[in-house]
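Worksheet: one structure, shown below.
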Amino acid sequence: MESRELIQHLPDRAVFRADAMTKVDCFRSHRLIVGLNCLEPGQAQAAHTHAGADKFYVVLSGKATFLIGEREVAAGPGDFVAAPAGIPHGIARAAERTIVLMAMAPAPAASGGGAETSRR
């Protein structure tokens, strides 16, 4: 990993698409994944679980409603949202253009390996 990748200005890394939430990897190892979830108003991330990994979100900008278990929680800049392993979580909807920092440990297997399960 190059040293310039170790320090990043996260708002500059954000990428938005009109048709779906965008994910941007900021750091990835076998122990940890850190990235951005970038959402336009009305976009969502389907509820899902991670069997062996804890995950958290920090809202950097914007406002969104998060799903944690059976709860829906509104969050804005500076808010921390935790999703322990096995608890369904996601982003129900963005109220405005939103950048969310996401981190998960341990990182899911590169092949997907069934670590993430969607809940519909």
Side-chain angles (χ1 to χ4, degrees):
M1 175 169 282
E2 294 184 31
S3 62
R4 65 181 162 82
E5 295 172 343
L6 296 176
I7 300 173
Q8 302 173 38
H9 186 68
L10 297 176
D12 291 345
R13 299 288 320 275
V15 176
F16 294 90
R17 287 182 25 200
D19 60 331
M21 178 188 82
T22 303
K23 293 184 177 185
V24 178
D25 273 0
C26 296
F27 177 84
R28 183 182 289 263
S29 73
H30 66 279
R31 296 174 305 273
L32 175 69
I33 182 171
V34 178
L36 299 178
N37 291 351
C38 307
L39 303 97
E40 291 285 8
Q43 292 179 345
Q45 177 190 44
H48 58 283
T49 60
H50 303 281
D54 295 323
K55 183 176 187 178
F56 71 80
Y57 301 96
V58 176
V59 180
L60 300 179
S61 66
K63 295 178 184 173
T65 300
F66 289 79
L67 300 168
I68 303 295
E70 298 299 319
R71 296 177 55 200
E72 287 196 10
V73 180
D79 288 337
F80 171 88
V81 180
I87 302 295
H89 59 277
I91 303 171
R93 68 196 150 280
E96 58 190 52
R97 181 174 263 199
T98 302
I99 303 172
V100 178
L101 175 69
M102 177 284 304
M104 184 169 36
S111 65
E116 183 174 303
T117 305
S118 291
R119 182 183 82 170
R120 307 253 174 205

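Numbering of residues begins at 1 and proceeds along the displayed sequence.
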Problem - Pairwise salt bridge (Lys or Arg N to Asp or Glu O under 4.0 Å) hits with a residue in residues 42-52, at least two apart - result: none
Practice task
Go through the structure and list residues passing side-chain contact (heavy atoms from CB on, under 4.5 Å) with Gln45, not counting sequence neighbours.
Solution key: Met21, Lys23, Asn37, His48, Lys55, Tyr57, Ile91
Practice task
Could you list the residues that satisfy ring-ring contact (aromatic ring centres under 6.0 Å, His included) with Phe16, not counting sequence neighbours?
Solution key: none
Handout entry: Within-4.5 Å side-chain heavy-atom neighbours: Cys26 and Gln8
Key = yes
Exercise for the section: Say whether, by atom type as modelled, one donor and one acceptor occur between the side chain of Thr49 and the main chain of Ala51 under 3.5 angstrom. Expected result: no
Exercise for the section: Ignoring hydrogens and angles, tell me if any N or O in the side chain of Gln43 forms a donor-acceptor pair with the backbone of Ala94 under 3.5 Å. Expected result: no
Fill in the blank from the handout: The side-chain contact (heavy atoms from CB on, under 4.5 Å) partners of Ala75 (sequence neighbours excluded) come to Val59, Phe66, Asp79, Val81
Exercise for the section: For Pro41, check side-chain contact (heavy atoms from CB on, under 4.5 Å) against everything at least two apart and list the hits. Expected result: none
Handout entry: With Leu101 via side-chain contact (heavy atoms from CB on, under 4.5 Å) - residues at least two apart
Key = Leu10, Val34, Leu36, Val58, Leu60
Problem - Pair listing, salt bridge (Lys or Arg N to Asp or Glu O under 4.0 Å) test, anchored in residues 34-51, at least two apart - result: Glu40-Arg97
Handout entry: Counterpart residues, side chain to side chain donor-acceptor pair (under 3.5 Å), relative to Glu72 (two or more places apart)
Key = Arg93
Handout entry: Contacts of Asp19 that satisfy side chain to side chain donor-acceptor pair (under 3.5 Å) - sequence neighbours left out
Key = Arg17
Handout entry: Nearest non-hydrogen partners of Gly52 and Ala85, listed with the distance
Key = C-CB, 4.2 Å
